[in-house]
Amino acid sequence: MLIPIPKILSAEQVAQCHAALAKAEWADGRNTAGYLAQRVKDNQQVPDAHPIARQLGDMILTTLEKHPLFTSAALPLKVVPPLFNRYTGSQNYGRHVDGAIRPIFGTPHRVRTDLSATIFLTPPEDYDGGELVVEDTFGPRKIKLAAGDMVLYPGTSIHHVEPVTRGTRVASFFWIQSMVREDSQRTMLFELDRSIQQLGGDVPDHPAVVQLAGLYHNLLRLWADA
Ligand code: NI
């Protein structure tokens, strides 16, 4: 399932990213692509270990930890420290799949990429093209969100980024290993949680709210690795 999460970063945090990234040394994105993706990848990235990437990545991770919608949708176990890319002058990233396992730079840890995440950092009116296109069972879905908004999409999907024909598109991207590996199970838990939140708001004293909450946690116990 594709899950948009609006305003994950505030306008101040987006401005902080742009100010810091303007001072970073950007590298060819092909440096970090697998041999198949290298043929279709054309963008720039701030290297994993760059202090600016790490400082902004930590800021994003701290924000994610406190975000109830992100937690409910992703049920995160491990998150790859966020990275940063940009596209300009018709740069694009052709159809590809993300590698299933991602090392965490400078550590012996690895993350299984159950979910892919993009946080858009450039207002959509400032560039043409640059849509993230995710191939879904309903067909291709084009995603271009406001600065500070995030989209979560299944790590299993084929996806691409359309050429940026005007302006520059800056984004943060990363992967999440979920406590619940299977997308369909995670989606059901997310929908159940949202329904319980809604019922709990409308009829908080109804005994079924507690029963449903129990059902949610029992399913989580059944399906989750912690
Ligand atoms: Ni990708």
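We use all heavy atoms of the structure for the numbers below, so side chains are in, but hydrogens, waters and symmetry mates are not. Whatever order the structure lists ligands and atoms in, that order sets their numbers, starting from 1.
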**Fill in**
Heavy-atom nearest pair, Ile8 first then Ile119, reads CG2-CD1, 3.9 Å
**Item:** Side-chain hydrophobic cluster, 4.5 Å single linkage: members besides Leu36
**Value:** Tyr35
**Item:** Pair His96 + His159: ring centers closer than 6.0 Å
**Value:** yes
**Item:** Ring-face cation contact, Phe138 with Arg141, 6.0 Å cut, 45° max
**Value:** no
**Request:** Report yes or no: does Arg186 contribute a side-chain atom to a donor-acceptor pair with the main-chain N or O of Ala73 at less than 3.5 Å?
**Result:** no
**the Ni ion (ligand 1): protein N, O or S atoms that are less than 2.8 Å away, sorted by chain** = His96 NE2, Asp98 OD1, His159 NE2
**Message:** In terms of relative ring orientation, are Trp175 and Phe173 parallel, tilted or perpendicular, with 30° and 60° separating the classes?
**Reply:** perpendicular
